[in-house]
Amino acid sequence: MSTSQDPPIDLLRGLTQPRVSRRRMLQAGGLTALGAGLAACSIAPARKAGGGSGGDSMWGQQRAIAAFWAEHAKPLGTLNFTNWPLYIDVDPDNPNVRPSLDEFTKKTGIKVNYREDINEVDTFYAKIAPLLKAGQSIGADLIVITNGVYLTKLIANDYLLPLDQSAMPTFYAQASDLVKDPSFDRGNVFTMAWQSGITGIAYNPKLTGREITSWQDMQDPKFKGKVGMFGENEDMPNSALCAIGVNPETSTEADWQKAAEWLKKQRPLVRKYYQQDYIQPLTQGDLAITMAWSGDIFQAMASNPKLNLKFVVPKEGAPIWTDNMCIPRYADHPRDAMIYMDYVYQPEVAATLADYINYITPVPAAQQIFEQEAKDADNDDDREYYQNLATSPLIFPAEEDFARLHHYRVLTEDELITWNNIFEPIYQS
Amino acid sequence: MSARTVRARLAPYAMIFPGWLWLVIFFVVPLVSMLSVSLMTGSDVDGFTQTWHFHTYVEAWNKYHVQIVRSLIYGLIATGICLVLGYPVAYWIAFRVRQKYKSMILFLLLLPFFVSFIIRTQTWNFILSDNGMVLGLYHALGFHGGHVLNTSTAVIGGLAYNFLPFTILPIYVSLERVHPSLLEASADLYANKTKSFLRVVLPLSIPGIFASVLLTFVPVASDYVNAMILGGTRNTMVGTAIETEYVTNFNPPMASALSFILMAVLLVGVFAYARALGTEEAMEMAATA
């Protein structure tokens, strides 16, 4: 497999067909809620609930968890699901209709209130943490959080509900090795993956004038003022560690310093350190080359067939991340959430989602669904389309790809402070 | 003293009571709590305790003095631009526009405010982009290199654009009060137009200018939306730093300390400015302008 993960021409041609307009326009980013209230009075430590009356021993906790789920054995018929924008399938004709959710309601009788409320994980955390600290429901039964600092915090502060391990048979049967027993949540105690993705480089070949293969291309003075980087403390530092040839997962403070040097050297070329708003400048030609999330680029191109953008996984390696479904503590409908989490691991459901979202699906068996669809297709366009999905390296990465993909560095509370002190001055300047 | 006179004496206090209550609840209480937070230490997981750790202020200054100074400089430049652009507009509305059109012109001035602040700023993103309306033409004419979006020029421009009406309105109000007979009198005393303006109109509009500068400079210096949307590297203002400390680093003490530093710097600036412009009188007149 080549490093360049261009979508095959045929796939793009397929995208221009009306049948695929199910991929909705990627709206201009950056219009996120910017307010961050300063409303702190007394700041108590996070509640250490520990799962009720079970006591501190592991067995006690296990019993408490089992008791909790025995108490909540029946679904209540409602699921409040809070997710990121453009992260689920929608009807091509009506963006408010989400076929996979409707199917779920038909099969289980559980009505889903779907909200796209998570724009940035840090602001979302800041929004829900005070409620959870006060022991209140946040109004959502299911949230999707990227592995990293914030998920670690949610777990450390005991803000997540331990899952009912006996209610996830489909997960254990279908989940890929990538998302089973992940390093950030051993034993899947709190989370099940929604989708995974790669942070790599997106570029506009017309502006770069050449193929891009390496993180070092982002230090080419030729691209001065046309280079985009992420302005946050996870993807950017972890990518920079990949760029200097270090595996972020096992990196040391000395490596962080070296990565920071690499970033500082690059800074005069950088146009801006972006939040979520890099797609618009990339599509309007302000950026020639930028850090990017794999799925975003494909959705952007799907919404505008005239765009010619490319996404590469740099040869030095790149971060891979997983967005995880989890149940916040004090959720009103925990059983309904549990049922849904296991439900999306059915290969048909996973295929429907992957078809729209174009990120790495946690269910490898979805590949067979696409192959079957391709076989059953009654015209060439459909056949090609499904074949391309089945072979897309962005939905089903190959073994050798995984060798180059690294998880984020897991940081302790103290390490995080050092980490932030090293990397923050670079993008916050 | 009869009950009646007591009541009569207390009546004004009773009437301003809601106003005071409002100020206490929504201004004094948060301010004091913020001050207390700024003197706490701890972490998100372990909680924060009051330690009277003043060193946070020193750390905040050391870490972010570049952003604080930059905010002040951007604020001064943007306010200057607003004054230069705004004064003639206010003058024109006050003296040249016919009475019946005045309210329409003022309405037009405020019209952009019916669109969300974020959307208005975001629109400049399209206009100033490398292939946008402005630079697209420049590039089409064969010039190359350089960009405007994501530079300090774009940030200051955005600030000046967003706050211009706050500059114009107070100046307009003070100019509107200049009675035309004063200009006639000045002409009778052989002052030409320039002299009339410099000796009569301008001094009378000083309170308006003072109010304008306050209403523009203070919010501009603490703004962070423009820097976030239109800025690039090395354009971060202190507002963004406060947000980062509060939201990303879970460091409310540092965020509060930064807010207090900003407030202190702004207050000192404002009082120095009031002094320079000739006192509390200006302040008082500005309040009534």
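Keep in mind it's a predicted model, so treat the numbers as computed, not measured. Proteins come first, then strands; the chains are lettered A, B, ... in the order of their sequence lines, and each starts at number 1.
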| task | Counting only heavy atoms closer than 4.5 Å, note whether A:Lys226 contacts chain B via side chain, backbone, both or neither. | result | side chain

| When B:Phe27 is tested against each of B:Leu31, B:Val29, B:Val24 for side-chain contact (heavy atoms from CB on, under 4.5 Å), which residue passes? | B:Leu31

| field | NZ or CZ of B:Arg120 within 45° of B:Phe113 ring axis and under 6.0 Å | value | yes

| request: Check whether A:Glu413 gets within reach of chain B through its side chain, its backbone, both or neither, counting any heavy atom under 4.5 Å. | output: side chain

| field | Proximity breakdown for A:Glu232 and chain B, heavy-atom pairs closer than 4.5 Å | value | neither

| Given a strict heavy-atom distance threshold of 4.5 Å, which part of B:Asn235 is in contact with chain A: side chain, backbone, both, or neither? | backbone

| Looking at CZ of A:Arg329 and CD1 of A:Ile138, how far apart are the two atoms once the value is rounded to the nearest 0.5 Å? | 13.0 Å

| request: Classify the angle between the aromatic ring planes of A:Tyr278 and A:Phe230 as parallel (below 30°), tilted (30 to 60°) or perpendicular (above 60°). | output: tilted

| query | Which bit of B:Leu135 is near chain A, if near means a heavy-atom gap under 4.5 Å: side chain, backbone, both or neither? | reply | neither

| Pick from A:Asn233, A:Asp122, A:Asp286 with the largest number of heavy-atom pairs that fall under 4.5 Å of chain B | A:Asp286

| said: Which atoms of A:Asn420 are under 4.5 Å from chain B, going by heavy atoms: the side chain, the backbone, both sets, or neither? | reply: side chain

| In terms of heavy-atom pairs under 4.5 Å with chain A, which of B:Val32, B:Asn251, B:Leu149 leads? | B:Leu149

| field | Worked verdict on A:Asp117 versus A:Lys127 for salt bridge (Lys or Arg N to Asp or Glu O under 4.0 Å) | value | CA-CA 11 Å; A:Asp117 276 354; A:Lys127 212 156 65 176; 5.3 Å; no

| Residue A:Lys224 excluded, over 12 heavy atoms near NZ under 6.0 Å | no

